[in-house]
Amino acid sequence: MTDQADIQAPAAATPRAPFIVAGVIFAALALIPVLAEFWGGAWLTSLAVRAMILAIVAISLDLLMGHGGMVSFGHSAFVAIGAYACGIMITEDVYEMALILPVAMGAAGLFALISGAICLRTSGVSFIMITLAFGQMIFFALGSLAQYGADDGLTLWSGPDFLGTRWLSSDMGVYISVFAVLLGTWALVHRITGSRFGRVLRAARQNPTRVASMGYSVFRYRLTAYVIAGVIAAIAGVLWATHAAFISPSLGAWQRSGDLIVMVVLGGMATRNGALIGALFFILIEETLSSITHDWRLIFGPLLVLIALFARGGLVGLLDRVRGPQ
C-alpha cells in the first residue's frame, strides 16, 4: 500500500550489483572499436551503434512501461519524428546539429504533449489502442511526404555538422556520440526514477486513486514522463538518421514499437539495466538468427516464450537468480 511517507522518503540504498553490471556493459561497448580493429571491422561498430540507439529508445520506453505502467504501441513514432526532423533539415541545407537537435526535440515534445494529453485520459487497453492510433497517424503522415521520399524513404547524401566541425562524418565520431548519449540517458532516467518524481510515478501505477487523494496530480506526472520519454526517443531518431544516412516511414511503424516492448519485457521492466540488456540481447539474437534463416522470428518467438516462462523478471531477474543472494 502506498502512503505519503513512502513517496516523500528518500530512496533506499541501491545495491551495488546493478552498477557493476552496467559498468561491465559500458566498458565492453567502449572497447568495441578497439576489437573491431582485429575482428569485424565496420560491421561490428555499425551493429554496436544500432544496438546502442535502440537501447536509448528502450530505456525511454521503460520509463513509461516499467515505472509508469503505460504500455505504448506508438513509441516508435517519436523515433521517426526525430529522424525526419534531421533528414528534412539536412535536405533543406541546415546541417548544424546544434540546430537540428532542438528542432527534433521540440517537435517530438509537442507531439508527445498533445497526444499524451489525449491518451492519458484513458488507461489499459484503451490507452494502448490510442497510442497505436497516434503512431499510425505519424507513419502515414510521413509516407505522404512526396518531397521527402514518401514511402520510398529519404537518402541523406551528407551528414550533419557538429559545432562547425565534421565530427559526425566519421564512424568513430558517430560511435562516441551515440555511446555518450546512451550513457547520459541511462544516468538521467535512473536519476529520474530514483527521485520523488519516480516514486510518485510508480505509486500511481499501483494505486492512482490513493496517490491522487494525497494531493498529487497523477495526470500531470504521467504526462511529464510521456513527454520526457518522447524527447529521448526523438534524440535516438536523430542519431539513427546520422548513422544510417537513410530514413523511411517504417521507423514509425507499430511493429517497431512492438519490438521495443519486447526489448523492455525481455530485459526486465523497471530494473536498472533491464531495457539496456534487453535491447542489446535482442540485436544480438536478431543478427545471429537472421544469418541462419530469413524467417528468424520463427525461432525467436519460441525462445521468447521460454524466457517469459522460466525467467521471471526478464534477463535481469535470471541473472539475479544465477548470482544468488548477496
Side-chain angles (χ1 to χ4, degrees), residues 7 54 56-85 101-142 185 188-193 195-209 211-212 215-238 249 251-261 263-265 269-270 275:
I7 292 176
L54 289 176
I56 293 170
V57 188
I59 291 172
S60 70
L61 180 59
D62 188 45
L63 177 63
L64 297 182
M65 284 183 55
H67 298 275
M70 297 172 278
V71 181
S72 172
F73 250 102
H75 201 62
S76 62
F78 299 111
V79 179
I81 289 173
Y84 266 84
L101 204 54
V103 170
M105 294 169 65
L110 180 61
F111 179 73
L113 184 63
I114 296 172
S115 61
I118 298 173
C119 296
L120 291 170
R121 301 292 179 183
T122 64
S123 61
V125 176
S126 298
F127 178 84
I128 294 173
M129 296 306 296
I130 296 178
T131 58
L132 173 62
F134 274 111
Q136 289 301 97
M137 284 171 56
I138 292 296
F139 171 75
F140 287 114
L142 296 177
T185 300
L188 173 65
V189 169
H190 293 296
R191 180 67 180 271
I192 291 173
T193 56
S195 66
R196 188 176 71 170
F197 178 90
R199 294 194 292 276
V200 172
L201 200 61
R202 288 191 295 276
R205 177 194 63 192
Q206 297 172 4
N207 194 332
T209 303
V211 172
Y216 295 98
S217 173
V218 173
F219 175 82
R220 188 182 306 165
Y221 274 83
R222 286 176 171 173
L223 182 59
T224 301
Y226 196 84
V227 172
I228 292 172
V231 169
I232 293 174
I235 296 173
V238 172
L251 284 172
W254 70 268
Q255 293 92 336
R256 298 275 187 172
S257 294
D259 286 343
L260 292 171
I261 292 174
M263 293 174 197
V264 174
V265 175
M269 292 194 299

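Remember, predicted model here, so these are calculated numbers, not experimental data.
The shortest distance between side-chain heavy atoms of Leu142 and Ile138 falls below 4.5 Å. Ile228 has its side chain within reach of Thr224: a pair of non-hydrogen atoms, C-beta onward, lies under 4.5 Å apart. Using a 4.5 Å heavy-atom cutoff, the side chains of Met70 and Leu120 are in contact. Using a 4.5 Å heavy-atom threshold, the side chains of Thr122 and Ile130 count as touching. Using a 4.5 Å cut-off on side-chain heavy atoms (C-beta onward), Arg256 and Leu260 make no contact. In this structure, Val265 and Met65 have side chains that are in contact, with non-hydrogen atoms separated by less than 4.5 Å. Counting heavy atoms from C-beta outward, Val211 and Tyr221 have side chains that stay 4.5 Å or more apart. Contact annotation: the side chain of Ile232 never approaches that of Ile59 to less than 4.5 Å [non-hydrogen atoms, C-beta and beyond].
Taking CG from Leu63 and CZ from Phe197, the interatomic distance works out to 6.5 Å, rounded to the nearest 0.5 Å. Taking CD1 of Ile81 as the start and CE of Met105 as the end, the distance is 13.5 Å to the nearest 0.5 Å. Note: Arg196 CZ to Tyr216 OH = 4.5 Å, rounded to the nearest 0.5 Å. Interatomic distance, Met269 CE to Ile261 CD1, rounded to the nearest 0.5 Å: 10.0 Å.
Of all non-hydrogen atoms in Gly230 and Ala108, the two that sit nearest each other are O-CB, 3.8 Å. The two residues His75 and Ser72 make their nearest non-hydrogen contact at N-OG, 3.4 Å. Nearest approach of Ala253 to Ser76, heavy atoms of both residues: O-OG, 3.0 Å. Residues Pro208 and Val218 share a closest heavy-atom pair of O-CG2, 3.6 Å. The two residues Val238 and Gly82 have their closest heavy-atom pair at CG2-O, 3.4 Å. Between Gln136 and Gly252 the shortest heavy-atom distance is OE1-O, 4.5 Å.
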Stepwise side chain to side chain contact (heavy atoms under 4.5 Å, CB included) check, Ser115 with Tyr226: CA-CA 9 Å; Ser115 61; Tyr226 196 84; 3.7 Å; yes
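Within the 3.5 Å criterion, the main-chain N or O of Thr193 finds a donor-acceptor partner in the side chain of Arg202. Proximity of a side-chain donor or acceptor of Arg222 to a complementary backbone N or O of Gly69 within less than 3.5 Å is not detected.
Checked against Cys119 for a side-chain contact (heavy atoms from CB on, under 4.5 Å), the options Thr131, Leu132, Leu223 give a single hit: Thr131.
Taking the six-membered ring for Trp and thresholds of 30 and 60 degrees, Trp254 and Phe73 have ring planes inclined between 30 and 60 degrees apart.
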